[in-house]
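Read through the structure below, which is laid out as structure tokens, and then see the notes.
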Amino acid sequence: MTDAVPRHLYLIDGSAYIFRAFFALPPMTRSDGTPTNAVMGFSSMILNLIEQTDADYVAVIFDAKRENFRNEIYPDYKGHRPDAPEELRPQFSLIRDATEAFNLPCLEMEGYEADDLIATYAKQAVAKGSKVTIVSSDKDLMQLVQDGIEMWDPMKNTAIHHDQVVEKFGVPPEKVVDVQALAGDSTDNVPGVPGIGIKTAAQLIVDYGDLDTLLERAGEIKQPKRRENLIEHAELARISRELVRLKQDVPVEVPLEELKRRPLDNDRLLEFLKLMEFKRLIARFQTEEAAQEASEAAAAPAETDYQLVQDEAALKAWIDAAYKTGILAVDTETTGLDAMQADLVGICLSTEPGKACYIPLGHVGEGEGDLLSSGDAEAPKQIPMATALDLLRPVLADPSVLKVGQNLKYDLQILGRLDVPVTPIDDTMLMSFCVDGGAHGHGMDELADLHLGMKTIKFEEVCGKGKNQITFDKVPLDKALAYAAEDADITLRLHRALKPRLLADRMTTLYETIERPLAQILADMERAGIKVDPKTLKEMSADFAKRIADLEAEIHKDAGQEFNVASPKQLGEILFDKLGLKGGKKTKSGGYSTDSGVLEPLALDNPIVQKVLDFRGLSKLKSTYTDALVEDINPQTKRVHTSYSMVGAQTGRLSSTDPNLQNIPIRTAEGRRIREAFIAEPGCKLISLDYSQIELRLVAEIADLDALKQAFQDGLDIHAMTASEVFGVPLKEMDSETRRKAKAINFGIIYGISAFGLANQIGVSRTEAKDFIDRYFERFPGIRKFMDETVEGCREKGYVETLFGRRIHLGGINDKNPMRRGYAERQAINAPIQGTAADIIKRAMIRIPGALAEAGLDDVTMLLQVHDELIFEAPADKAEKAVPVIRDVMEGAAGPARTLSVPLEVEAGIADNWREAH
DNA sequence: CCACTCACG
DNA sequence: GACGTACGTGAGTGGC
């Protein structure tokens with residue numbers, strides 16, 4: 001019976017997983033209080049595995065009770081292990097229940113550890129010619145890796161092969177036990193030889209071949225202490241080896257043949273998941289069931305034809321095909337994520353679903369530049385980069401061929417740096433954002449799964465992760481082809497799926513007039529960057545460093561002991577336990593809250609608290625800004641280039657990363673000085689223009705608040721006017737404190753006000769805050785109607801809309817949990833306001849370059865966007881002239897699509913640096 | 001990897 | 001009456 005021989009055996013290390021899942025996942029409990037986080041992690045992992053694997057034999061293996069044969073060899077084995085945490089103990093048996101619910105064999109044997117059973121089954125199977133995958137990241141199992149046996153780390157989702165074992169232990173798998181015997185293991189209380197760790201052990205084993213030879217020849221060791229230890233503790237090393245060496249001949253009670261994979265019993269599994277209250281898993285399991293049925297019902301999956309393009313003739317054939325179809329999916333592969341520094345490695349193209357190619361351009365030989373590898377492989381055959389780009393340039397710029405990409409802004413920038421313009425474009429990520437903003441993410445893997453039911457090859461599967469990650473230019477061409485061509489293929493398929501939805505959901509205008517044109521504008525801004533003066537920043541860093549050190553010393557003195565002031569945990573214990581300041585536990589994890597809201601009131605009476613606040617402020621400025629920004633200066637351009645995310649914020653705002661240039665300090669004088677380091681090139685000026693009160697103006701517009709609209713038309717001080725209405729103080733007698741409260745109320749309106757939030761913000765009682773809000777609603781009667789209708793509309797449709805038709809989906813709006821629902825309701829009120837403001841500035845940004853060019857100011861460059869502000873760099877003699885051009889575009893950006901009854905106003909400044917320009 | 005804190009609009 | 005909250009972000013640090 002050939003059936004009895006496993007093709008692929010999966011051995012899942014249940015015991016190790018329980019511990020890792022328990023510590024890695026946040027605590028969670030069933031409604032009866034039973035902790036369930038490890039069970040949840042385990043069930044989720046199993047669901048992943050059975051969905052992905054082709055294994056025909058599967059077993060989950062657990063440790064039996066503590067004592068086993070190793071304790072006879074060495075009584076202290078695992079002697080220092082503390083008992084399992086209380087929250088974990090009840091989960092052991094639940095995990096066995098889970099295993100059975102998944103209809104998997106659940107194995108354990110008294111007197112042996114799970115690892116021994118795994119070793120035994122693995123060796124039995126591999127002897128029969130099976131492939132074996134051990135699902136575990138336990139290093140003690142790495143000795144088993146060999147031809148036919150690999151490991152899979154279920155937390156990191158990475159494979160552990162021969163190379164990863166060498167990485168970890170410095171020796172191949174078959175010598176791992178020798179290294180472990182020397183180095184010992186404190187967590188298992190394996191003694192090893194004193195003074196020898198993994199590194200030294202590996203070196204010794206490499207030098208002497210194996211443990212026995214080493215111990216025989218220990219006398220030759222040069223280092224006296226090491227030599228003595230090895231001689232004296234030779235027996236300990238041998239015992240250690242017996243402890244770590246896995247038993248491969250356990251007289252297993254369940255024969256291998258019985259591990260044959262059994263089909264899932266859907267009802268039984270669902271019953272278990274319901275019992276455990278794993279809502280997300282239930283949903284996932286049910287949709288997977290449905291998707292599976294759907295895909296089985298659908299036509300056979302399309303065949304794929306992925307080609308490697310290594311000569312000009314093949315490339316020309318692809319270009320011809322693009323002209324014929326009029327559509328070309330494009331994706332670039334590079335050496336990194338920084339679009340200003342990464343080098344082009346290859347380009348993938350697709351002209352019809354299932355058909356794609358990869359054009360390697362910058363691949364080097366495998367292991368090239370790697371000292372350990374002898375005989376570097378030659379770089380593979382490739383079309384010279386300049387030749388390929390020359391061939392591609394016409395089609396990429398041809399107006400009759402639509403270029404489709406996923407997050408094309410990145411590729412535009414990479415290709416732009418190589419003088420390869422790309423136009424016209426469609427971007428599947430942006431299409432998804434327009435159609436499904438707020439409903440889910442917009443990454444390609446997620447979209448492929450959602451719209452195509454396709455699982456993609458992950459970047460990490462090709463390049464690894466962490467410090468072992470390699471750059472794409474070192475990936476062998478066969479792997480590169482499979483990964484890269486798939487990306488282009490999927491992009492084209494997504495385009496087919498999403499383009500009709502733009503139309504059906506009436507999102508075409510939003511996409512065509514805002515998101516699509518903005519991609520190129522942002523690519524240009526990112527590439528332009530802004531000049532930052534490292535000298536100014538370094539001087540500030542040095543000043544901060546000294547003052548931080550002084551403050552720290554004083555804080556330690558005041559506290560009567562040294563501690564880490566930057567640790568909220570330690571700080572809380574010092575302030576509230578040791579010094580007895582009042583301020584209860586506040587954070588959900590049980591610690592003291594020490595944020596500025598708590599510390600500021602205490603600072604008045606307690607000098608140490610003020611010092612802590614000063615310390616915090618300076619540390620923040622130093623680590624996040626003055627130190628970090630210097631590192632972000634691009635060595636070639638000497639400028640700082642941020643990256644904008646177009647899908648980062650649900651409301652339609654941009655977000656900025658690497659570095660974030662949208663949160664440069666301004667609120668304190670000290671922080672504001674950082675803006676002095678943002679400067680114009682010699683002979684140039686920076687111009688800053690920002691919308692004044694745009695969100696409040698939009699509230700007046702959208703909620704149709706006559707009094708507020710009139711106030712804006714009359715150019716009044718809007719917060720003072722609010723204060724006068726709400727508190728009944730005549731404008732002439734307005735004091736700053738009353739105005740401040742009114743300002744907070746105005747912000748509160750924008751945020752979806754609550755009495756609690758307002759009270760917290762302005763330091764009054766909740767009843768008082770409630771009173772203020774009621775008075776506001778009386779004076780501006782439209783606001784309540786707007787809020788109620790917005791929330792109601794969202795409940796019915798599941799989304800809210802901006803003035804320009806952008807939809808923001810809010811899943812929690814019908815949640816039965818009042819807290820989550822309240823949160824969604826406030827989002828529903830805020831999103832149309834924040835989102836409309838985002839639409840307006842985006843519309844302005846798209847028009848500004850054209851307006852400047854028309855005014856003969858094409859040497860004025862747009863550099864940054866900070867939500868309601870735009871920063872430009874201009875030749876000094878052009879700055880004054882540019883301001884009215886830009887201002888006109890910004891103030892008129894809502895038109896002609898929308899005519900606002902509230903004027904938009906823009907304030908402008910010109911200076912040598914950002915602080916003075918703003 | 002998460003919680004906390006804090007910078008911005 | 002009880003939930004326990006102001007909206008939207010990204011980055012650095014400490015600690016499990």
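These numbers were taken from a predicted model, which means no experiment stands behind them. In what follows, chains carry the letters A, B, and so on, assigned in the order in which the sequence lines appear, proteins first and then strands, with residues in each chain numbered from 1.
In this structure, the CD atom of Q662(A) is 17 Å from the P atom of dA7(B), given to the nearest Å. In this structure, CD of Q570(A) is placed 9 Å from P of dG14(C), rounded to the nearest angstrom. Here dG8(C) presents its P atom at 22 Å from CD of E869(A), a figure rounded to the nearest Å. Following rounding to the nearest Å, L571(A) (CG) and dG15(C) (C1') show an atom-to-atom distance of 15 Å. To the nearest angstrom, P of dG9(B) lies 19 Å from CD1 of I840(A). Atom-to-atom, CZ of F563(A) to P of dT13(C) comes out at 18 Å; the value is rounded to the nearest Å. The distance between atom CG of N564(A) and atom P of dC4(B), rounded to the nearest whole Å, is 17 Å. In this entry the distance linking CD1 of I833(A) with P of dG8(C) reads 12 Å, nearest Å.
The residue I666(A) sits close only to the backbone: its heavy atoms come under 4.0 Å of sugar-phosphate atoms, none of a base. Heavy atoms of A744(A) sit under 4.0 angstrom from at least one base atom. Residue contacts shown for N817(A) are absent, as no nucleic acid heavy atom lies under 4.0 Å away. Here G671(A) lies out of heavy-atom contact (under 4.0 Å) with every strand. Contacts of S754(A) with the nucleic acid, taken as non-hydrogen atoms under 4.0 Å apart, include base atoms. Nucleic acid contact class of P665(A) (heavy atoms, under 4.0 Å, all strands): sugar-phosphate only. Within the nucleic acid shown, G748(A) comes within 4.0 Å of at least one base atom, counting heavy atoms only. Contacts of S656(A) with the nucleic acid, taken as non-hydrogen atoms under 4.0 Å apart, involve only primed sugar atoms and P, OP1 or OP2. At the heavy-atom level, S619(A) lies nowhere under 4.0 Å from the strands shown.
A sub-4.0 Å separation between OP1 or OP2 of dC7(C) and a side-chain N or O of R826(A) is present. Side-chain nitrogen and oxygen atoms of T651(A) include none within less than 4.0 Å of the OP1 or OP2 phosphate oxygen of dG8(C). A sub-4.0 Å separation between OP1 or OP2 of dA7(B) and a side-chain N or O of T624(A) is absent. Under 4.0 angstrom from either OP1 or OP2 of dG9(B) there lies at least one side-chain N or O belonging to R667(A). Contact between the side-chain N/O atoms of Q827(A) and the OP1/OP2 oxygens of dG8(C) is found at a separation under 4.0 Å. Considering only side-chain N and O atoms, N663(A) lies nowhere under 4.0 angstrom from the phosphate OP1 or OP2 of dG9(B). OP1 or OP2 of dG9(B) has not a single side-chain nitrogen or oxygen of R653(A) nearer than 4.0 Å. Taking side-chain N and O atoms only, S655(A) has a distance below 4.0 Å to OP1 or OP2 of dG10(C). Between S567(A) and the phosphate of dG15(C), there is a side-chain N or O to OP1/OP2 separation shorter than 4.0 Å. Side-chain N/O atoms of R616(A) include one lying less than 4.0 angstrom from OP1 or OP2 on dC6(B). Contact annotation: Y823(A) reaches the phosphate of dG8(C) (side-chain N/O to OP1 or OP2, under 4.0 Å). Residue Q761(A) places no side-chain N or O under 4.0 Å from the OP1 or OP2 atom of dT5(C).
The heavy-atom pair separating E869(A) from S688(A) by the smallest distance is OE2-OG, 2.8 Å.
Map R766(A) and L810(A) each onto its nearest nucleotide of DNA chain C; the residue landing nearer the 5' end is R766(A).
When the options Q834(A), Q827(A), R806(A) are evaluated for a side-chain hydrogen bond (donor to acceptor under 3.5 Å, both in side chains) with T651(A), the one that passes is Q834(A).
Side-chain proximity of V866(A) to dA11(C), dT5(B), dG9(B): nearest is dG9(B). The side chain of S589(A) sits closest to dC4(B) out of dC4(B), dG8(C), dC16(C). Listed candidates were dC8(B), dC3(C), dG10(C). Nearest to the side chain of R675(A) is dC8(B). Nearest nucleotide to the side chain of L758(A), out of dC7(C), dA6(C), dC8(B): dA6(C). Distances from the side chain of Y751(A) to the nucleotides dA6(C), dT5(B), dG8(C) place dA6(C) closest. Among the nucleotides dG9(B), dT5(C), dC6(B), the one closest to any side-chain atom of F756(A) is dT5(C). For S623(A), taking side-chain heavy atoms from C-beta onward, the closest of the listed nucleotides dC16(C), dG12(C), dA7(B) is dG12(C).
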From CA spacing to verdict: side-chain hydrogen bond (donor to acceptor under 3.5 Å, both in side chains), T836(A), T802(A): CA-CA 5 Å; T836(A) 301; T802(A) 66; 4.5 Å; no
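The distance from atom CD of E526(A) to atom CG of D658(A), rounded to the nearest 0.5 Å, is 10.5 Å. Rounding to the nearest 0.5 Å gives a distance of 9.5 Å between SG of C794(A) and CD1 of I808(A).
Using a cutoff of 4.0 Å between basic side-chain nitrogens and carboxylate oxygens, D614(A) and R547(A) are not scored as salt-bridged. For the pair E277(A) and R30(A), the salt-bridge criterion is not met [side-chain N within less than 4.0 Å of a carboxylate O].
Using N1 to N3 plus N6-O4 or O6-N4 for Watson-Crick, or N1-O2 and O6-N3 for G-U wobble, each under 3.5 Å, dC6(B) pairs with dG10(C).
Comparing dG4(C) with dC4(B), their P atoms sit 15 Å apart, to the nearest whole Å. The separation of dC6(B) from dA2(C), taken at their P atoms, amounts to 31 Å, rounded to a whole angstrom. Only the P atoms considered, dT5(B) is 13 Å distant from dA6(C), to the nearest whole Å.
The backbone N or O of A559(A) sits less than 3.5 Å from a side-chain atom of K578(A), completing a donor-acceptor pair.
A donor atom on one side chain and an acceptor atom on the other are found under 3.5 Å apart for D533(A) and T536(A).
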